[in-house]
> 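Encoded as structure tokens, here's the structure I'll be asking about.
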Amino acid sequence: MRTYDWIIVGAGITGAALAYELVKQNFSVLLLEQDKISNNATCYSYGGLAFWSGTTPLTRQLCQEGIARHRILSTELDADTEFRELDLLLTIPQDSDRQAVVSNYNRFATPPQLLTVTEACELEPLLNREAISGALTIKHGHIHPAKTAQAYIQAFLRHGGTMEIGRVQQLQSISSPNDDLPTCTGVKTTSETYHSSNVVICAGGYSRQLLKASGIKIKLYFTHAEMIATLPVDLKLHTLVMPAQLKRFQLEANSTKSDRPWEEPGNQPAPPILDPGVVQFLDGSLRWGQISRTLTDPFAEVDPNTSETALRQSIGEVIPAIKNIPGTWHHCLVAFSQDSLPLIGEIPAWQGLHVFSGFSNPLVIVPPLAQKFANFITGKDDQAIAQFQPSRFL
Ligand SMILES: Cc1cc2nc3c(=O)[nH]c(=O)nc-3n(C[C@H](O)[C@H](O)[C@H](O)COP(=O)(O)OP(=O)(O)OC[C@H]3O[C@@H](n4cnc5c(N)ncnc54)[C@H](O)[C@@H]3O)c2cc1C
């Protein structure tokens, strides 16, 4: 019977980055993923790196470390993450108060610059000038998120890590007679039991439900996100387009005022929202979205036809040329926390059971935080990991 030092559940960007950083510290690591072909938030993400958006000394520092790490990641992992910088265009609708929108952005480390309608259309010629009263712009980082996760996984395997496909159903634990706290000893999938000294849950939007299956309550939530992906197209988008007033963050705040609706499936603590945004990847494919729903059942079904119509209608108002491009609707879960900061560290009242999830906009800060987590568990003090402990919500 093999006992790993660490088992990581979930091979999206969080699990992939953490698996790599732990194996680099010479731990024996098993990465467990339920799907053979990725079907997760990482592979449907836009891939934006908002390195300019820190609002506190800690998040500013993480953003700086994150962008520095992304700049060298392709070399370190020996695979192309498609890192680049591009112009982010944050659209301000016709009926909005431009000054109020601008002042909302003043809290960021580098506030974006206000553009007139004409300037915005020069930067993004596909923009519908009738739909906006202006826009904000800033240099944004960009990666191919699925290729980045794969690059981490391949580097993890080259360093001696093990990866298996299997759906974790439950945690294995023992209670020692001398100690009140249960100790996690591994996980059980549909077909195997795996043993380890430590388990980290990196299951994104499924983390809450997975922990609940073992009787553990945690203040980690999820949205059902919907978007459309296309094959490479001839049309050329020059910027990553998003609304300046993202409704998703308000949805996250509104839906977590009380934990009670989240304790059972079948609830929807706040109405769904749609933030029209689009990005083009280096191969010419497009990804546009995004509907977010706070359905408390992670397996709730949504009607793809109604959603696709809404997604096409809303992007068509901003970038009319995209509205009728053939594409495929996708759905995934995206994890978030009550304070928009991740939950990183040991789960309260447990030993050997950790979480690394709940990042709202994780792509820029996951690489440095995965490194910091690996350093932290080898005994190095770290401010970020200390502040992101799940126990802050007790
Ligand atoms: C349309 C869209 C656009 C986005 N744009 C951006 C952006 O521009 N910038 C940004 O920073 N973020 C963005 N995000 C958010 C970001 O992509 C996600 O938050 C992030 O990728 C989540 O990574 P993760 O590893 O936590 O979760 P996931 O990528 O969902 O990975 C979790 C993995 O765990 C596995 N898993 C779950 N349960 C089990 C189990 N029981 N056993 C085994 N495996 C399990 C799943 O199969 C999955 O592979 C966007 C998201 C969407 C949907």
Side-chain angles (χ1 to χ4, degrees), residues 7-19 30-51 53 63 66 70 86 88 140-146 148-149 152-153 163-171 187-190 194 199-214 220 222-229 240-242 246 248 252 274-279 287-292 298-299 311 329-337 340 342-344 355-367 369-370:
I7 288 178
I8 296 185
V9 182
I13 191 70
T14 57
L18 193 54
L30 170 66
L31 177 59
L32 278 171
E33 165 57 46
Q34 63 185 358
D35 294 323
K36 246 190 199 139
I37 298 173
S38 297
N39 180 29
N40 54 23
T42 301
C43 70
Y44 299 130
S45 170
Y46 295 153
L49 307 174
F51 63 90
S53 69
C63 284
H70 276 286
L86 84 178
L88 175 67
H140 203 54
H142 192 250
I143 50 166
H144 192 295
T148 305
Y152 267 124
I153 292 170
M163 182 170 179
E164 300 278 352
I165 300 298
R167 182 169 199 282
V168 174
Q169 290 189 306
Q170 261 201 327
L171 304 168
V187 299
K188 198 170 179 315
T189 66
T190 30
Y194 296 98
V199 170
V200 198
I201 306 299
C202 296
Y206 293 97
S207 303
R208 183 185 176 98
Q209 185 251 345
L210 179 57
L211 289 164
K212 192 178 168 191
S214 292
L220 197 53
F222 53 88
T223 50
H224 290 252
E226 298 168 63
M227 45 73 72
I228 293 177
L240 194 164
V241 180
M242 304 266 283
L246 274 177
R248 181 161 67 87
E252 292 179 358
L274 201 168
D275 285 320
V278 58
V279 65
R287 212 159 278 183
W288 83 82
Q290 162 184 4
I291 297 175
S292 300
F299 305 105
L311 285 166
W329 170 91
H330 295 281
H331 163 262
C332 61
L333 299 187
V334 179
F336 69 94
S337 77
S340 302
L343 272 73
I344 300 179
V355 63
F356 187 74
S357 190
F359 299 76
S360 271
N361 247 20
L363 298 179
V364 69
I365 59 171
V366 162
L369 281 171

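When a ligand or atom number is given, it counts from 1 through the structure's own listing order.
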> Record the part of Tyr44 in heavy-atom contact with ligand 1 below 4.0 Å; permitted values are side chain, backbone, both and neither.
backbone
> Side chain or backbone, does Glu33 bring an N or O within less than 3.5 Å of an N or O on ligand 1?
yes
> Per the side-chain hydrogen bond (donor to acceptor under 3.5 Å, both in side chains) rule, which among Glu226, Gln290, His330 passes with Tyr44?
His330
> For atom 42 (N) of ligand 1, grab the closest protein heavy atom and report residue, atom and distance to one decimal in Å.
Val168 N, 2.9 Å
> Only distances under 3.5 Å count here; give the side-chain donor-acceptor pairs of residues 164-171 to other protein atoms, sequence neighbours excluded, each with its distance to 0.1 Å.
from   : atom 1 : to     : atom 2 : distance (Å)
Arg167 : NE     : Gln34  : OE1    : 3.3
Gln170 : NE2    : Ala213 : O      : 3.3

> Would you say Tyr46 and ligand 1 have an N/O pair spaced under 3.5 Å apart?
yes
> Quick one: sort the His331 and Trp329 rings into parallel, tilted or perpendicular, breaks at 30° and 60°.
parallel
> Polar-atom distance check: Tyr206 versus ligand 1, any N or O pair below 3.5 Å?
no
> Check each atom of ligand 1 against the heavy atoms of Ala225 and keep those under 4.0 Å away; list them by number with element.
53 (C)
> Does any N or O atom in Ala335 lie less than 3.5 angstrom from one in ligand 1, N or O only?
no
> Within the structure, is a non-hydrogen atom of Ala149 found at a distance of less than 4.0 Å from ligand 1?
no
> Ignoring hydrogens, just give me the one of Cys332, Ser292, Gly141, Ser45 whose non-hydrogen atom is nearest atom 13 (C) of ligand 1.
Ser45
> Could you tell me whether Val9 and ligand 1 have an N or O pair separated by under 3.5 Å?
no
> Mark up the atoms of ligand 1 that fall under 4.0 Å of a heavy atom belonging to Val334, in ascending order.
19 (O), 53 (C)
> Would Gln290 count as being in polar contact with ligand 1, using the rule that some N or O on each side must be under 3.5 angstrom apart?
no
> Take every heavy atom of Gly289, measure it against each atom of ligand 1, and state whether any distance is under 4.0 Å.
no
> Please confirm whether Cys202 comes under 4.0 Å of ligand 1, counting heavy atoms of the residue only.
yes
> Taking atom 30 (O) of ligand 1 as the point of reference, which of Gly204, Ala16, Ala41 owns the nearest heavy atom?
Ala41
> Excluding sequence neighbours, so at least two apart, what forms salt bridge (Lys or Arg N to Asp or Glu O under 4.0 Å) with Glu252?
Arg248
